[in-house]
Amino acid sequence: MGTFILIAILIIVLFILITSIRIVPQAYAYVLERLGGYRATWSVGLHFKIPIIERVARKVSLKEQVVDFEPQAVITKDNVTIQIDTVIFFQITDPKQYAYGVENPISAIENLTATTLRNIIGDLELDETLTSRETINSKMRTSLDIATDPWGIKVNRVELKNIMPPKAIQDAMEKQMKAERERREAILRAEGEKKSTILVAEGEKESVILEAEAAKESAILRAEAEKQKRIKEAEGQAEAILSVQKATAQGIEFIKAAGADDAVLTIKSLEAFAKAADGKATKIIIPSELQGIAGLTKTISEVARYEKPEE
């Protein structure tokens, strides 16, 4: 009997010792109390507590937590009631303050979020509310972070998950957006037509300019060709005149070389005047020096004509 009691006592002591050993896992913290008062905060690792006297009052997760609250009804500055769904990202930084700072931290954060949201949205009109999500998120995060600091909670981020205006407001906004899209479409179409007209006009302008330049170049080329033609003709005439002059000069040199006297030269001059008389001229003026020679030539011709029959 005594042995059985001893074994039972040993088993109870061993059980108490085993339950006094606690292992704190990663990303957790245990709040330890001794006789109802705060004793310490256990971090990751192996820990021992005094049986019966000490107890683990709270196990606190140090991970970042996400809470999605129900949509809150808020009123904007222009008296429009909208539903806003918020998401809070927070993390416990002080397990002691979290355990003793507030009775129900999640409920406290939800109520604090609702009141902060109403205060911020109450200063904004509906259009500003719909286009100022980042501003609202920043203001709410700052306000909640300051308010929850005594509770050992740090608010990392606040997001407006959804903003739901009344059905009538949504219909009016959709009509407005449709009208705005149609207006932009009309503007874009008009701008496209304008650009198309401008491009066509610029193309016609460039075409006219190119045609004018082509005509100008063609006229220049024709003028150059005509100029070259006249130059060639003038050069041909000059060469012909030069050839005639050279032939005449060579004839005179030949006559001089043959010993022709002045009478021969005069007869050659008369032949030249005879050739000139073959033209269309109606009157030829013969120099006085050649008139005597002409008479002499006529007399010689007549004498030769009278003497020829006697032969």
Side-chain angles (χ1 to χ4, degrees), residues 27 60-94 97-98 101-202:
V60 180
S61 174
L62 302 179
K63 300 177 183 179
E64 186 174 15
Q65 302 179 45
V66 182
V67 181
D68 187 1
F69 297 130
E70 293 295 327
Q72 302 290 329
V74 295
I75 301 175
T76 62
K77 187 177 181 180
D78 50 353
N79 296 323
V80 178
T81 302
I82 58 177
Q83 299 286 330
I84 298 181
D85 187 5
T86 56
V87 180
I88 307 297
F89 297 81
F90 70 93
Q91 189 173 10
I92 299 171
T93 58
D94 192 334
Q97 292 181 348
Y98 179 76
V102 64
E103 181 63 27
N104 191 342
I106 302 301
S107 178
I109 292 175
E110 182 178 5
N111 292 325
L112 184 60
T113 300
T115 55
T116 304
L117 187 61
R118 289 190 181 98
N119 292 334
I120 295 174
I121 299 300
D123 294 332
L124 300 175
E125 295 182 355
L126 178 60
D127 293 340
E128 293 177 326
T129 302
L130 296 175
T131 58
S132 304
R133 287 176 176 258
E134 292 297 329
T135 303
I136 297 172
N137 294 339
S138 179
K139 289 183 178 180
M140 286 190 63
R141 191 201 68 79
T142 303
S143 299
L144 293 176
D145 190 34
I146 294 173
T148 57
D149 186 64
W151 305 341
I153 299 173
K154 178 175 179 56
V155 178
N156 295 327
R157 190 164 65 255
V158 178
E159 295 291 341
L160 299 183
K161 185 178 179 181
N162 194 11
I163 299 177
M164 297 170 288
K167 181 63 177 175
I169 300 296
Q170 292 182 10
D171 294 340
M173 292 173 61
E174 290 177 358
K175 292 179 181 179
Q176 181 180 1
M177 292 175 62
K178 181 179 180 180
E180 181 66 20
R181 286 194 296 268
E182 291 177 352
R183 184 182 69 84
R184 291 179 181 177
E185 181 182 0
I187 292 174
L188 291 175
R189 188 184 302 111
E191 290 180 352
E193 293 176 355
K194 177 182 177 182
K195 290 181 179 179
S196 176
T197 304
I198 292 173
L199 291 175
V200 171
E202 289 180 351

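What you are looking at is a predicted structure, and each value in this text was computed from that prediction instead of being measured. Heavy-atom basis, side chains included; hydrogens, waters and symmetry copies ignored. Index from 1, following the sequence.
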Residues V87, F69; criterion side-chain contact (heavy atoms from CB on, under 4.5 Å); working and verdict: CA-CA 6 Å; V87 180; F69 297 130; over 6 Å; no
Electrostatic pair E185:R181 at N-O distance under 4.0 angstrom: no
Heavy-atom donor-acceptor pair, N137 side chain to L160 backbone, under 3.5 Å: yes
Heavy-atom check, side chain of P71 versus side chain of N162, under 4.5 Å: no
Check: Q65 and I92 side chains under 4.5 Å, non-hydrogen atoms: yes
Student check: side-chain heavy atoms of R183 and E180 closer than 4.5 Å: yes
Test log, rule side-chain contact (heavy atoms from CB on, under 4.5 Å), inputs L117 and T86: CA-CA 9 Å; L117 187 61; T86 56; 3.9 Å; yes
Side chain S132, main chain I136, donor-acceptor under 3.5 Å: no
Donor-acceptor contact below 3.5 Å, side chain T116 vs main chain L112: yes
Main-chain N/O of D127 paired to T131 side chain as donor or acceptor, under 3.5 Å: yes
E125 versus K77, closest heavy-atom pair with distance: N-CB, 4.0 Å
Atom of Q72, atom of A114 and distance for their closest heavy-atom approach: OE1-CB, 3.5 Å
Main-chain N/O of I153 paired with T148 side-chain donor or acceptor, under 3.5 Å: yes
Nearest heavy-atom neighbours spanning D85 and E70: OD1-C, 4.4 Å
I120 side chain reached by K139 side chain, heavy atoms, under 4.5 Å: yes
L144 side chain reached by I88 side chain, heavy atoms, under 4.5 Å: yes
Side chains of Q97 and P150 in contact at under 4.5 Å (non-hydrogen atoms): no
Distance-minimising heavy-atom pair for A73 and R118: O-NE, 3.5 Å
N119 side chain vs T115 backbone, donor-acceptor pair below 3.5 Å: yes
Student check: side-chain heavy atoms of F90 and V67 closer than 4.5 Å: yes
Side chain proximity check, D149 to K154, heavy atoms < 4.5 angstrom: no
Closest heavy-atom pair and its distance - P166, V80: CD-CG1, 3.9 Å
Electrostatic pair E191:K194 at N-O distance under 4.0 angstrom: no
Residues, nucleotides or ligands: over 12 heavy atoms within 6.0 Å of L130 CG: yes
Donor-acceptor contact below 3.5 Å, side chain D145 vs main chain R141: no
side-chain contact (heavy atoms from CB on, under 4.5 Å) assessment of I82 paired with I84: CA-CA 6 Å; I82 58 177; I84 298 181; 3.9 Å; yes
